Amino acid sequence: MSPDGLPFCFQDCGEIQMEIRIPEEVRRIIGILEEHGHEAYAVGGCVRDSLLYRVPEDWDITTSAMPAQVKALFRRTVDTGIAHGTVTVMMGKKGFEVTTYRVDGDYEDSRHPKQVTYTKSLPEDLKRRDFTINAMAYNPGTGLVDPLGGEEDLRKKVIRCVGSARERFTEDALRILRAIRFSAQLGFSVEPRTREAAHELVSTLARISRERIQAEITKLLVSDNPQYFRELYEAGITAQIFPEFDVMMETGQNTPYHCYTVGEHTLAMLGVVGASPVLRWTALLHDCGKPWSCQTDASGRQHFKGHEKESAGRARRILKELKFDNDTVDQVTKLIAWHTARFEGGKYEIRKCLNQIGVQMFPLLLEVDAADAMAKNPVFQDESLRRCARARALYQEILADGDCFRLDRLAVSGGDLREAGMKPGPLMGAVLNRMLDEVMKDPSRNTKEYLLANLLRYAGAEETGRED
Ligand code: ATP
Ligand code: MG
């Protein structure tokens, strides 16, 4: 790094040969294609990320060779996107996408080009790409190929469409989300004309599959700048896919605990919770039911009793609409449903929570709780964080002591109850649950002797509906 914090290659000090470190496999693929008279370059995200000293996720190669020629040159290839000119070349266990230079034809549905036409010109191929910073190519012989000013935009930290932003977004509406997602990942701004066109065309996002929308928003959320989610609100995108958020931004919270609207609190929390998809989606949705759970008392103070249930229900629907897998939906909604638990009942309440959400989820719940506290009125933060630390310590003791909080760890099974003369059926299930509840209150009672000796009491309480 230079003294002004810029990588040396960005300093204005004349000709600097930018040395992009290309993985050996990519070097070999480019080398083999060139030996056979073709052009080949690393292209797109990997060049952008290398110039920014970020580690590229994948390395894509663009080439003048036709797909059939690529396939003939490499022993192991997979036709992953042959209709669009992409062949995946396998090197060891890794795959590298090699795509023939192409010019995209007209787009039929804001997403798919009707047909692709191959070209022999690298600049033509670069022109079909979405943003200038994604339209650079590099190989060791030629160095950087950057006819559209991508490097300059990297230096200016802007996301700018290649050519006319309106045309680019009309061709493919997903690019609107990609622009905002890249700005969050890189901490860049969206160049004004690109931003204006994006805002103008947001309604065309309706044509984009929910899976793709979900993938882009998840990338934005797990980035270093999740609070850029605000941009989706400002662009009118949340109104389409998560209208609750717009209401959250307009819902004030007149309680001593909060100093923001529900929406601003949510954005603040995104910035402090861990960067996993489950945690970030939980933070985003944890209060989404609040505007519908608000009651104002005589003094004008607002209460949001039961908002965790309302939020969990709405979150489930939103996540399902965005085609999330069941596992993620379950994890996020469980965390939301439990996010207001304060564990004042100590270990008993924690054991009950462990029974409901599972042992691996509990540390995540504490993380959500702590992040929630950090995004509220600072006056209460210390107290909340101490409460989280206490709950964590109790949780660790529960695990270390091997306390029972699940039916399959209860000292008595259905078989034991049958042997004791009880018929299988709903009563048996209810008795086992009563036993578990008692054991969660006092783990020393998790013995066959104690539980069977008290069998009649449990069964009697169950039949008379009595609370112990
Ligand atoms: P990342 O992999 O980090 O998401 P990336 O820039 O590599 O970022 P990819 O989706 O892997 O993005 O695409 C690789 C390249 O293909 C991009 O850099 C860009 O040049 C081009 N590209 C991808 N999607 C589009 C699109 N929707 N419109 C135009 N060009 C695109
Ligand atoms: Mg990529």
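We count residues from 1, following the sequence as given. Values below: all heavy atoms of this structure, side chains included; hydrogens, waters and symmetry mates excluded. For clarity, every value in this text was computed on a predicted model and none was experimentally measured. Both counts, for ligands and for their atoms, begin at 1 and track the order of listing.
A donor-acceptor contact closer than 3.5 angstrom is absent between the side chains of Q396 and R392. One side chain, E191 or T194, offers a donor N or O that lies under 3.5 Å from an acceptor on the other. In this structure, a donor-acceptor pair under 3.5 Å is present between the side chains of R316 and T333.
The atoms of ligand 1 that sit less than 4.0 Å from any heavy atom of K219 are 4 (O). Which parts of ligand 1 touch R181 is read off a 4.0 Å heavy-atom cut-off, strictly below it: atoms 1 (P), 3 (O), 4 (O). Of all the atoms in ligand 1, the ones that sit under 4.0 Å from a non-hydrogen atom of G44 are 18 (O).
For E57, no nitrogen or oxygen atom sits less than 3.5 Å from a nitrogen or oxygen atom of ligand 1, counting backbone and side chain alike. The shortest N or O to N or O distance between R128 and ligand 1 is not under 3.5 Å. Between G45 and ligand 1, a contact under 3.5 Å exists for at least one N or O pair. Between N134 and ligand 1, at least one N/O pair is under 3.5 Å apart.
Ligand 1 lies nowhere less than 4.0 angstrom from a heavy atom belonging to F131. Assignment of R168 to the shell around ligand 1 is not supported, since no heavy atom sits closer than 4.0 Å.
Within the 4.0 Å heavy-atom criterion, both parts of D130, backbone and side chain, lie near ligand 1. By the criterion of a heavy-atom distance under 4.0 Å, the side chain of D60, and not its backbone, is placed next to ligand 1. Contacts between R178 and ligand 1 below 4.0 angstrom, taking non-hydrogen atoms only, involve the side chain exclusively.
Protein atoms that are N, O or S and lie under 2.8 Å from the Mg ion (ligand 2) are these: D58 OD1.
Taking a 6.0 Å sphere around CZ of R317, one finds it holds more than 12 heavy atoms contributed by other residues, nucleotides or ligands.
With distances taken over non-hydrogen atoms, the option nearest atom 26 (C) of ligand 1 out of E216, R129, R175 is R175.
Look at R160 and E152 and you find no salt bridge, because none of the NZ, NE, NH1 or NH2 atoms lies under 4.0 Å from a carboxylate O. A salt bridge links E310 with R314: at least one charged nitrogen is closer than 4.0 Å to a carboxylate oxygen.
Listed for the Q227 side chain is no donor-acceptor partner under 3.5 Å among the backbone atoms of G271.
The aromatic ring centres of F131 and F188 sit 6.0 Å or more apart.
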Check residues 21-31 and write down every donor-acceptor pair under 3.5 Å in which the side-chain atom is one partner and the other belongs to a residue at least two apart or another chain.
unit_1, atom_1, unit_2, atom_2, d
E25, OE2, K94, NZ, 3.1

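Between W338 and F343, the ring planes lie parallel to each other; the angle is under 30°, not in the 30° to 60° tilted range.
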